[in-house]
Amino acid sequence: MYAVGRSSQLLEETMREIKARNNTAQLKAFQVDLSSFISILKFKSSLEQWLLNSEMHSSVQLLVNDAGILATSHRLTVEGYDEVMATNYIGAFCLTKLLLPLLKNSPIPSRIVNVTSFTHRSVSSVQINKDVVAGKWLSGLKQYPFARLYEFSKLFVLLFSYELHQQLASNDESCQISVLAADPGFVKTNLLREFPSFITQVAFFVLNLVGLLQSPENGISSILDAALAPPEISGVYFFGGKGRTIKSSKLSYNDRLRHELWTTSSDLFLQFQLATTETFT
């Protein structure tokens with residue numbers, strides 16, 4: 001198992017917890033900033049080198065893209081993109097693209113699980129272009145539309161998931177990679193850490209009162225359902241645990257938006273690669 005995260009402290013704590021439950025588990029932690037393409041690229045190289053040095057099979061069987069933030073102010077990444085869009089969507093896209101060869105090289109059917117949110121349903125329309133995907137349209141706004149950005153990023157995760165599912169299913173019959181989306185619902189995490197504490201407390205109180213708030217232990221159920229589903233299941237949206245699958249928003253199945261997002265994201269990915277090559281040369 002490979003654990004990837006920005007905080008070395010949290011990674012160490014996670015490793016200890018897993019080891020406490022299963023002391024035979026084979027674990028490796030990588031400190032990576034998913035909002036930075038350079039950091040993702042370094043991780044990919046480190047992972048391949050570690051697999052080689054460990055004499056392990058050069059493959060990945062399961063990739064779970066669950067990095068996510070809800071920032072309250074506009075912050076730029078190293079590459080100059082909005083941090084919310086870069087962390088929640090662009091990072092997942094780039095990491096998946098880079099790891100596809102390892103996923104395809106798996107001796108058993110492999111899987112990609114992209115974590116999304118029910119908040120994507122709040123998006124009724126969207127235009128796809130580089131400025132929107134990168135969050136560069138925000139520069140002229142007086143107030144940072146954090147909720148809107150979060151909703152866009154989670155819709156993009158779904159559009160990306162469905163497009164990748166279609167491409168893998170139609171372009172390569174021998175390919176045994178499935179792509180699933182997982183939505184945990186309302187979970188008591190630190191996602192709202194940038195908001196005033198009283199707002200967070202009130203939100204959790206109300207959600208708990210109406211029976212919608214889940215603990216992290218229960219909230220992971222939908223992700224586990226997606227990860228452990230039969231290998232033939234792909235292009236499905238898991239929601240809320242107990243093996244439940246539902247339809248996502250109508251907009252998330254829009255073919256034109258799927259194609260436009262894939263093309264735009266691929267162009268950004270190519271730009272990242274070219275810029276990184278120039279930096280290191």
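Reckoned from all heavy atoms, side chains included, excluding hydrogens, waters and symmetry mates.
Between Leu180 and Ile233 there is a side-chain heavy-atom pair separated by less than 4.5 Å. No side-chain heavy atom of Gln273 sits under 4.5 Å from any side-chain heavy atom of Leu41. Side-chain contact between Leu274 and Gln271: absent, with no pair of heavy atoms (C-beta onward) separated by less than 4.5 Å. Between Ile40 and Leu34, some side-chain heavy-atom pair lies under the 4.5 Å cut-off. Side chains of Tyr237 and Thr116 form a contact here, defined as non-hydrogen atoms less than 4.5 Å apart. The closest side-chain heavy-atom distance from Ser249 to Leu155 is below 4.5 Å. Put simply, the side chain of Leu47 does not reach to within 4.5 Å of the side chain of Lys28, judged on heavy atoms. Counting heavy atoms from C-beta outward, Leu100 and Ile177 have side chains that approach closer than 4.5 Å.
Contact check on Arg21 versus Glu17 returns no salt bridge, with no Lys/Arg side-chain nitrogen under 4.0 Å from an Asp/Glu carboxylate oxygen.
No continuous path of hydrophobic side-chain contacts links Phe238 to Leu159 [ILVMFWY only; heavy atoms under 4.5 Å]. Tracing side-chain contacts under 4.5 Å through hydrophobic residues (I, L, V, M, F, W, Y), one reaches Leu141 starting from Phe152; they form part of the same cluster. Clustering ILVMFWY residues whenever any of their side-chain heavy atoms sit less than 4.5 angstrom apart, transitively, puts Leu164 in the very cluster that holds Leu98. Cluster annotation: Leu99 and Phe269 are assigned to the same hydrophobic cluster (Ile/Leu/Val/Met/Phe/Trp/Tyr, side-chain heavy-atom contacts under 4.5 Å, transitive). Under the 4.5 Å side-chain heavy-atom criterion for Ile, Leu, Val, Met, Phe, Trp and Tyr, Leu95 and Met1 are members of distinct hydrophobic clusters.
Note that the NZ atom of Lys44 and the NZ atom of Lys97 stand 12.5 Å from one another [nearest 0.5 Å]. With rounding to the nearest 0.5 Å, the separation of CZ in Phe156 from CG in Leu257 is 8.5 Å. Remark: Lys136 NZ to Leu76 CG distance equals 9.0 Å, nearest 0.5 Å. If you take CD1 on Ile128 and OG on Ser265, they are separated by 8.0 Å, rounding to the nearest 0.5 Å.
Evaluation of the ring-ring contact (aromatic ring centres under 6.0 Å, His included) test over residues 186-216, restricted to residues two or more places apart or in two chains, returns Phe118-Phe186, Phe146-Phe195.
Annotation: Lys188, atom NZ; neighbour count of heavy atoms from other residues, nucleotides and ligands within 6.0 Å does not exceed 12. Open room surrounds CD on Gln143; 12 or fewer heavy atoms of other groups in view lie less than 6.0 Å from it.
Side chains of Ser248 and Tyr162: a donor on one and an acceptor on the other come within 3.5 Å.
Across all non-hydrogen atoms, the minimal contact from Thr119 to Glu151 is O-CG, 3.3 Å.
Between Tyr144 and His74, the ring-plane angle classifies as parallel under the 30° and 60° cut-offs. Using bins of under 30°, 30° to 60° and over 60° for the plane-to-plane angle, the ring pair Trp262/Phe93 lands in the perpendicular bin. Ring planes of Tyr2 and Phe30: perpendicular class, angle over 60° (limits at 30 and 60°).
Members clustered with Ile223: Leu62, Val64, Val113, Val115, Ile220, Leu224, by chain and number, using a 4.5 Å side-chain heavy-atom cutoff among hydrophobic residues.
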